[in-house]
Every structure is written in C-alpha cells, then in structure tokens.
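Owing to the predicted nature of the structure, the values given are computational and were not obtained by experimental measurement.
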Amino acid sequence: MVKEPLGMDNITLNIAITGETGSGKSTFVNAFRGVSVDDVGAAPTGVKETTSEVTAYTHPNYPNVKFWDLPGIGTPNFPSDTYLERVRFEKFDFFIIISDTRFRENDVKLAQEIQRMKKKFYFVRSKIDDDIDAEKRKSDFSEEEALTKIRDDCVQGVRGLGIESPQVFLVSSFELSLYDFSLLQETLDRELPELKRDALLFATPSVNLEIISKKKEAFKTLSTSIDDQFGFALVKEEINEALLKNDQRAAAAKITELMMKEKKIRLNIAITGESGSGKSTFVNALRGLCDDDDEAAPTGVTETTSEVTPYTHPKYPNVTFWDLPGIGTTKFPAKKYLKLVGFEKFDFFIIVSDTRFRENDVKLAQEIQKMKKKFYFVRSKIDNNIRAERRKRDFSAERTLTEIRDDCVKGLQRQGLVSPQVFLVSSFELHLYNFPLLHQTLDRDLPGHKRDALLFVMPNFNPEIIRKKKQALKSKMKYYVILSALGAAVPVPGLSIVVDAALLVGAVTEYVHAFGLDIPSLKRLSARTGVSYADLCAVIISPLAAVEITAGLLLKVIAQLGAVAALIAAEEVCRWIPFIGIPLSMGLSGTTTYKILNLILDKLAEDALRVFERALV
C-alpha cells in the first residue's frame with residue numbers, strides 16, 4: 001500500500017461518473033482506480049444495468065479520493081428531471097458524463113443543470129478501442145481521421161442540443177495511455193482548485209512519463225508549499241476558537257483580519273493576442289470605461305500596446321487587467337513571448353482575435369497549457385460582423401454567429417487544439433452574445449477564493465450577474481453580524497449603535513460599489529450607453545445610491561425603519577438587565593444588523609436592476 005503524501009489526508013476529492021445505462025461508467029471507474037473488473041472492491045460491470053444506486057469506490061491507495069458510480073440518467077429510478085437532487089450533487093467536485101455513442105438529450109440536460117449548480121463537467125466518449133477496431137477493417141483506414149470524425153460528431157451533436165464549445169475527450173478504459181485520457185487529466189489538473197490538484201494527480205494511473213514526472217515534482221513540493229486558502233482556513237478556525245472561549249476582543253480582531261484578507265485577494269488577468277485584435281478596448285470594457293476616459297487603455301488603428309501594461313480596476317485595485325503586446329511582433333516574438341511578458345503572475349489568459357485565430361495564437365495557447373495556466377479564446381468585434389451581415393437579404397443573426405464560432409473552432413482544431421472553447425464578444429455590448437457565458441466559465445474555473453474578486457469587477461451585463469453579486473454579499477453578512485454582537489458586549493450606553501454605524505458604513509459602501517450605484521460608476525455607465533446620468537438616477541429609489549455614504553446618512557435611513565428602530569431601543573434597555581442583559585443585547589444587536597443590511601441589500605439590488613433596464617434594455 002502506498003503511503004499517502006504529507007498533508008493529503010484532509011483534502012477530499014469526490015468525482016462523479018455518470019451517463020446513460022451501458023455507457024461504460026463502471027469500467028471507467030475501475031480503470032481510473034487502477035483495478036481490474038474481477039478485483040475485490042471493483043465496480044461491477046456487465047451487459048445489463050449494473051449500477052442501480054449511488055455507489056462510492058475509494059481509491060485503493062488514497063482513501064480521501066472517491067469515485068462515485070452514479071446510476072444511468074433517465075432510468076425509472078433516476079428520471080432526468082430529478083436526477084441531480086437524487087444523487088446529491090452538492091458533494092461532488094466535478095462530473096464526468098460518459099457515452100459510448102453520441103451524447104443524448106438526457107446527457108445535455110444533465111450538463112446544463114450541473115452548469116447551473118456551478119459545478120464542472122466533462123464529456124467522455126468511451127469504448128474508442130472498439131470503434132478503432134471496427135474502422136481498421138476498411139481499406140482506407142486512418143486512425144487520425146477516425147478519431148477526428150468521432151470527436152467532431154460528438155461536439156456537433158452536443159452543440160446542437162444547446163451546449164456551446166463543449167469539451168469532449170475520447171477514451172478507452174482498457175488503454176488509458178492512448179487517445180485523450182492524458183488530455184482529460186491535464187484539463188482536470190488545470191481547472192481544479194489548487195488544493196485538490198495533487199489529490200487528483202496521485203490518484204491518476206501513471207499512464208505516461210509526463211504524469212510520473214508530475215507526481216515526482218508534487219511529492220517534492222507538497223510538504224513545503226502552503227496554499228493561500230490554508231491561511232483563510234486557519235483564521236476561520238481561530239475565530240471559532242475565540243468565540244467558544246468568549247474572547248470577544250480576539251474574535252473581533254480575527255474577523256477583521258479575515259475581512260481584510262478577502263479584500264486583498266489579488267486577481268491578475270492577461271489580455272493578449274495579435275496587434276489590432278481589440279485587446280485594449282476589451283480591457284476598457286471589463287473595467288467599465290470608455291476608450292476616451294482618462295484612465296483607459298489607449299486604442300487606435302495602429303499598434304498601441306508596445307509594453308506589458310497593467311490597468312487596475314477603478315473600484316477594486318486588487319484586480320489588475322494586463323494589456324499585453326501583440327504576439328509575434330518584432331519585440332515580442334512567439335517563441336519568447338511568455339517569458340518576456342512574465343506569465344507566472346497571471347491567473348489566466350484571454351486570447352483575443354477579431355478574425356480567425358492564427359498560428360501564433362495556437363502556439364501561445366499550447367505554451368500556456370504547458371505552464372499549467374488557463375486560457376480562453378475570445379472572438380472580438382462581433383457587432384461589426386453582425387452589422388455587415390445585416391445587409392444580406394437572408395440575414396439570420398443566429399446562423400451568422402454559429403458560422404463564426406464553427407469557423408474559429410475548426411481552425412483551432414486543424415492547428416492541433418482539441419475541443420477549444422471560443423466566446424463571441426462585442427466590447428461595446430457586453431450584454432449580448434457570449435460574454436455572459438465567458439463569465440460563467442471563468443467563475444466555474446477559478447479557485448473558490450478568487451471568484452468573488454472576479455464577480456465584483458464584472459459590469460452588470462444581465463440580471464443574473466446582479467443576483468450573483470447580491471448572493472455573494474449576503475454570504476459575507478455574517479461577519480458584520482458577529483462584529484455587531486461583539487460590540488454590544490461592552491456595557492457603555494450608546495456605544496453599540498456607534499460601533500454598528502461604523503460597520504454599516506463599510507458594508508453599505510461595499511454594496512453600492514458592487515452594484516455600480518456609486519456616482520463615478522453611474523457617470524461611466526452614462527458615457528458608455530448614451531443614457532444621461534439624470535435618467536439613470538431617476539429610476540433609483542434607495543436614498544443610499546448615488547450619494548456619499550456617511551454614518552449620519554445611515555442613521556437617518558435606519559430611523560425610518562420602524563421595526564429596526566424598536567430593536568435598537570430594546571437592545572439599549574436589555575444591556576442593563578443583571579446577568580442576562582449583555583447576552584440579550586448581543587443577540588438583539590446581531591439581529592438588528594442583519595435586518596438592516598438585508599433591507600438595504602434588497603433595495604440596492606432592485607435599484608441595480610432598474611438602472612440596468614434603463615441603460616441597456
């Protein structure tokens with residue numbers, strides 16, 4: 001038995017293997033675990049349905065890694081409309097959806113539901129060895145052509161059922177060293193949160209020298225490297241310990257430390273591509289700026305980016321967009337590009353092109369992949385294409401977009417990229433085309449502690465993004481509630497409301513900025529959309545939007561909330577009750593803060609929706 005690496009025992013990885021009955025799920029589970037079908041503990045396989053319940057199979061060497069063999073979707077016991085609820089989707093880190101032929105409607109429905117639940121999924125086309133054996137009987141047999149045909153057929157079929165830019169991997173469970181299993185492992189390795197990558201790596205069979213080399217390197221570094229997320233876990237543990245010991249001062253200090261840590265999470269986004277592709281305009285759009293704003297990245301018909309240039313977000317200085325020079329220029333040749341731009345500091349790369357993606361773009365993507373970084377292809381200036389196509393009699397926006405996307409995907413595939421993801425974007429109309437899908441993909445792929453950093457810098461390009469921001473802000477409310485309760489533990493008349501007012505100013509200011517309801521953001525939105533600042537303000541109802549947030553203003557607003565004002569008065573009275581007064585006032589203070597923040601958050605989210613509708617709809 002292999003001894004589990006140091007630090008791995010607490011990092012669990014739960015992998016769901018699903019698909020329709022007879023697709024080869026159980027065989028794939030066994031192959032990934034490195035066991036034969038007749039080994040003790042192997043998942044049962046057969047020509048009839050063998051998986052009738054959600055069944056966990058631990059890795060023989062790494063018990064913290066579990067493969068969950070799920071029943072086929074669409075069976076009487078597990079109908080497609082309640083499938084995820086029945087299998088308890090929330091415990092899985094990602095899903096692998098398997099089919100031994102084309103992916104069917106149930107597979108796509110499942111993928112769409114998984115996507116809504118903010119989980120990752122991957123399509124695996126199984127039993128490729130059987131297909132190749134059958135094709136070998138033909139006189140004009142070509143393995144490469146057969147694999148391309150199978151892959152294209154799967155991709156087109158899934159896309160036809162509603163999944164854009166699907167990733168499909170061709171696998172033989174009996175010959176993992178062949179076909180796309182290595183690429184699947186690389187993709188999972190790239191997209192998993194850092195804490196879980198080693199858990200996957202050590203559980204993966206050593207199907208090639210590259211995986212063996214990675215395991216060796218991981219063993220070297222595992223005992224000394226500490227991911228930033230451990231820092232968060234440690235502080236949270238210290239908060240709980242201080243609260244259990246009734247040490248209010250220590251708990252308050254640790255909560256403040258955690259909140260500051262979260263605000264300082266850095267996110268570095270690289271925007272690259274060839275000269276003239278629209279990189280700088282895209283950078284400006286992501287920052288909510290017009291091209292002629294003072295802080296905007298320079299744009300023009302000539303090459304405007306000659307150096308690696310950082311542009312911080314106007315409201316969130318911890319998020320930096322790096323406008324990189326075009327790849328393939330004299331100063332930045334393709335071979336040395338990543339080294340010259342300092343690739344290691346970037347969280348992910350967005351490769352932009354306004355036509356087809358060229359050889360240099362593909363070379364760059366392949367190098368980024370080797371460096372274990374994420375990359376995404378963005379086809380820009382889609383509004384220009386749509387305007388040009390509108391002149392044709394038989395114009396169809398949907399058909400035009402499909403043709404552009406297919407052309408980009410096929411071009412990238414011809415140059416050696418398997419299942420590339422391409423997003424069609426207009427930097428002047430982010431609410432249209434694929435920008436929402438690009439954000440969903442980034443949100444799904446980023447480590448958990450960086451998702452909010454990305455979310456809050458996103459412009460309000462649709463109602464869904466506003467809902468997500470509200471949900472993220474609500475999840476942080478507990479920090480303010482606990483700090484408010486701890487402030488009430490000090491037996492000084494009127495001190496609690498002073499402490500609460502200071503807390504609330506910080507919280508409400510964060511809400512206003514996140515929803516883009518501060519004065520500078522509204523003025524920038526007015527400039528970008530052509531809707532006057534006065535018209536945008538006219539639809540705002542909350543007295544806390546489009547103003548400077550002060551303690552005095554907040555206290556006036558709170559005084560108008562009858563039920564909340566009564567709670568504040570009750571808290572001050574309870575404080576002087578012997579023995580039980582302080583605990584009662586702490587509870588009331590926390591309840592009051594929660595009610596205030598909840599009401600304000602609801603109103604500001606409603607205002608953000610009204611502003612969005614006025615500006616863009």
Side-chain angles (χ1 to χ4, degrees), residues 111-119 162-165 267 269 281-290 313-316 319 321 350 376 378-383 386 397-398 400-402 404-405 421-446 451-475 511-518 521-522 524-531 535-536 539-542 545 601-617:
Q112 290 168 332
E113 286 302 310
I114 294 168
Q115 198 167 40
R116 284 195 197 102
M117 304 300 184
K118 307 297 176 196
K119 297 281 185 177
I163 297 287
E164 295 185 15
S165 302
L267 186 64
I269 303 169
T281 300
F282 188 62
V283 167
N284 292 334
L286 289 173
R287 297 166 68 223
L289 300 177
C290 296
H313 192 277
K315 291 185 294 187
Y316 299 97
V319 178
F321 300 88
I350 292 176
Y376 307 89
V378 163
R379 170 61 162 79
S380 63
K381 304 183 183 178
I382 292 300
D383 46 336
I386 293 295
E398 186 178 349
T400 300
L401 294 172
T402 300
I404 294 170
R405 186 183 297 105
Q421 298 181 81
V422 177
F423 302 91
L424 312 186
V425 169
S426 162
S427 295
F428 299 110
E429 299 175 287
L430 290 180
H431 59 293
L432 300 179
Y433 316 121
N434 292 159
F435 185 77
L437 180 63
L438 173 62
H439 173 258
Q440 284 176 20
T441 306
L442 295 174
D443 181 62
R444 193 179 72 215
D445 291 353
L446 270 176
R451 284 177 193 159
D452 283 351
L454 176 73
L455 175 63
F456 292 133
V457 300
M458 284 290 116
N460 293 337
F461 52 79
N462 63 19
E464 177 65 13
I465 201 80
I466 295 170
R467 186 193 66 77
K468 285 182 179 177
K469 287 181 179 181
K470 179 182 174 181
Q471 191 175 18
L473 291 168
K474 198 163 189 174
S475 71
Y511 297 172
V512 170
H513 280 271
F515 288 128
L517 295 173
D518 55 295
S521 293
L522 289 167
R524 285 193 292 266
L525 180 62
S526 171
R528 280 185 64 82
T529 60
V531 179
D535 283 348
L536 294 176
V539 300
I540 292 172
I541 294 175
S542 171
L601 185 61
D602 285 345
K603 297 297 181 187
L604 290 173
E606 290 167 9
D607 278 341
L609 280 169
R610 281 189 282 268
V611 169
F612 164 76
E613 289 168 359
R614 181 66 189 87
L616 297 175
V617 177

Phe321 and Asn284: CA distance, side-chain angles, deciding distance, side-chain contact (heavy atoms from CB on, under 4.5 Å) verdict: CA-CA 9 Å; Phe321 300 88; Asn284 292 334; over 6 Å; no
Criterion side-chain contact (heavy atoms from CB on, under 4.5 Å) on Asn434 and Ile382, from CA distance to verdict: CA-CA 10 Å; Asn434 292 159; Ile382 292 300; over 6 Å; no
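- Judged as a salt bridge (Lys or Arg N to Asp or Glu O under 4.0 Å), and not counting sequence neighbours, Lys468 has no contacts.
- Salt bridge status for Glu464 with Arg467: present, with a side-chain N to carboxylate O gap under 4.0 Å.
- Although no hydrogens or angles enter the test, the distance criterion places a donor-acceptor pair under 3.5 Å between the side chain of Lys469 and the main chain of Met458.
- Across all their heavy atoms, Thr441 and Gln421 have their closest contact at CG2-OE1, 3.6 Å.
- Across every non-hydrogen atom of Ala605 and Ile466, the tightest pair is O-CG2, 3.9 Å.
- With sequence neighbours excluded, the residues satisfying side-chain contact (heavy atoms from CB on, under 4.5 Å) with Ser542 are Leu544, Lys603, Leu604, Asp607.
- Listed for the Ser526 side chain is no donor-acceptor partner under 3.5 Å among the backbone atoms of Leu522.
- Other residues, nucleotides and ligands contribute at most 12 non-hydrogen atoms within 6.0 Å of the CD atom of Gln471.
- The side-chain contact (heavy atoms from CB on, under 4.5 Å) search around Val531 returns Thr529, Asp535, Leu536, Arg614, not counting sequence neighbours.
- The two residues Leu430 and Ala285 make their nearest non-hydrogen contact at CD1-O, 3.8 Å.
- Between the side chain of Arg528 and the backbone N or O of Leu289, at least one donor-acceptor pair lies under 3.5 Å.
- In this structure, the side-chain contact (heavy atoms from CB on, under 4.5 Å) partners of Pro436, at least two apart in sequence or on a different chain, are Phe461, Asn462.
- Here His513 pairs with nothing under the ring-ring contact (aromatic ring centres under 6.0 Å, His included) rule; sequence neighbours left out.
- Every residue meeting the side-chain hydrogen bond (donor to acceptor under 3.5 Å, both in side chains) condition with Tyr376, not counting sequence neighbours, appears here in chain and number order: Asp445.
- Going from atom CG of Leu437 over to atom CG of Leu442 covers 9.5 Å, rounded to the nearest 0.5 Å.
- In this structure, CZ in Arg405 is found 4.5 Å from CG in Leu424, a value given to the nearest 0.5 Å.
- Partners of Glu606 according to the salt bridge (Lys or Arg N to Asp or Glu O under 4.0 Å) rule, which considers only residues two or more places apart in sequence or in another chain, do not exist here.
- Across every non-hydrogen atom of Ala615 and Leu525, the tightest pair is CB-CD2, 4.0 Å.
- Checking side-chain atoms of Arg451 against main-chain N and O of Leu446 turns up a donor-acceptor pair under 3.5 Å.
- By the side-chain hydrogen bond (donor to acceptor under 3.5 Å, both in side chains) test, Asp383 is found to be paired with Ser426, residues two or more places apart in sequence or in another chain being considered.
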Phe515 and Leu473: CA distance, side-chain angles, deciding distance, side-chain contact (heavy atoms from CB on, under 4.5 Å) verdict: CA-CA 10 Å; Phe515 288 128; Leu473 291 168; 4.1 Å; yes
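- For the residue pair Leu267 and Ala453, the shortest heavy atom distance occurs at CD2-C, 4.2 Å.
- Taking NZ of Lys381 as the reference point, atom CZ of Phe428 lies at 8.5 Å (rounded to 0.5 Å).
- Judged as a side-chain hydrogen bond (donor to acceptor under 3.5 Å, both in side chains), and not counting sequence neighbours, the contacts of Asp518 are Ser521.
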Trace of the side-chain contact (heavy atoms from CB on, under 4.5 Å) decision for Leu286 with Val457: CA-CA 8 Å; Leu286 289 173; Val457 300; over 6 Å; no
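- Taken to the nearest 0.5 Å, the NZ atom of Lys315 stands 10.5 Å off from the CZ atom of Phe456.
- With sequence neighbours left out, Ala111 forms a side-chain contact (heavy atoms from CB on, under 4.5 Å) with Ile97, Phe121, Phe123, Ile163.
- Although no hydrogens or angles enter the test, the distance criterion places no donor-acceptor pair under 3.5 Å between the side chain of Asp443 and the main chain of Leu455.
- The ring-ring contact (aromatic ring centres under 6.0 Å, His included) check on Tyr433 picks up nothing, with sequence neighbours excluded.
- Annotation: side-chain hydrogen bond (donor to acceptor under 3.5 Å, both in side chains) contacts of Lys470 (sequence neighbours excluded): Asp602.
- Shown here for His439 and Leu454, the closest heavy-atom pair between the two residues is CD2-CD2, 4.0 Å.
- Under the 4.5 Å side-chain criterion, counting only non-hydrogen atoms from C-beta, Leu401 is in contact with Ile386.
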